[in-house]
Structure formats: C-alpha cells, structure tokens
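Step one of this worksheet: look at the structure below.
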Amino acid sequence: MSGTEREHPHDTEDLVRLVLLTRQELGWDHARLAASAGIAESDVARFEAHRIVPAKPLALRFLEAMGVVVQA
C-alpha cells in the first residue's frame, strides 16, 4: 500500500476478524501472540479493538507470527 492509499474501514474489520479468529482457533491468548510477534500485549488488545490504523502491516505481522502464510 502506498503512502497515498487509505485502508477502507471494511478492510480493517476483515483483517482484525481474521487475526482474532486465527488466534482463537490456535488457542492463543494476547500474551502469546504478543510474545510471538515481538510487541507489547497491549498492542494486540488495541489492534483487536480497531484502535490501530492502518491495520494491514500489523495484521500481516500477527499472521506470520502464528504461522499463517500470506501471499501479497
């Protein structure tokens, strides 16, 4: 995504939902995802509360940390 593009609100919702569902399916809590992604646990909670925009870079980091392969 270039600096001039904006993330559509529906895209953000979809990314957050994907990360949340993947985390829950794996049985991971916020602490485990945060440790695996190398970020603060509070950032996971903020992401899932739709408070981090754009969501895409962090969503991709979370998915990678959970072993999900994402193709661009």
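Atom set for the values below is all heavy atoms of this structure, side chains included, hydrogens, waters and symmetry mates excluded. Here, residue 1 is the first one in the sequence, and each next residue gets the next number.
- Under the 4.5 Å side-chain criterion, counting only non-hydrogen atoms from C-beta, V19 is in contact with L33.
- Residues V44 and L58 share a single hydrophobic cluster, defined by chaining ILVMFWY side chains whose heavy atoms lie under 4.5 Å apart.
- Note: the hydrophobic cluster containing L18 does not contain L20 (ILVMFWY, side chain heavy atoms under 4.5 Å, direct or indirect links).
- Side-chain contact check for E48 versus H30: some heavy-atom pair is nearer than 4.5 Å.
- Expressed to the nearest 0.5 Å, how far CZ of R61 lies from CD1 of I39 amounts to 6.0 Å.
- The CG atom of D11 sits 8.5 Å away from atom NZ of K56, with the distance rounded to the nearest 0.5 Å.
- Minimum heavy-atom separation, F62 to A37: CD2-CB, 3.8 Å.
- Residues T12 and A55 come closest through the heavy atom pair CG2-CB, 3.8 Å.
- When hydrophobic clusters are built by joining Ile, Leu, Val, Met, Phe, Trp and Tyr residues whose side-chain heavy atoms come closer than 4.5 Å, directly or via intermediates, V53 is not grouped with V16.
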Problem set entry | Verdict with reasoning, D14 to R17, per salt bridge (charged side-chain N to carboxylate O under 4.0 Å, His left out) | CA-CA 5 Å; D14 291 344; R17 187 176 301 111; 3.2 Å; yes

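- Between S36 and W28 there is a side-chain heavy-atom pair separated by less than 4.5 Å.
- A 6.0 Å sphere centred on CD of E13 holds more than 12 heavy atoms belonging to other residues, nucleotides or ligands.
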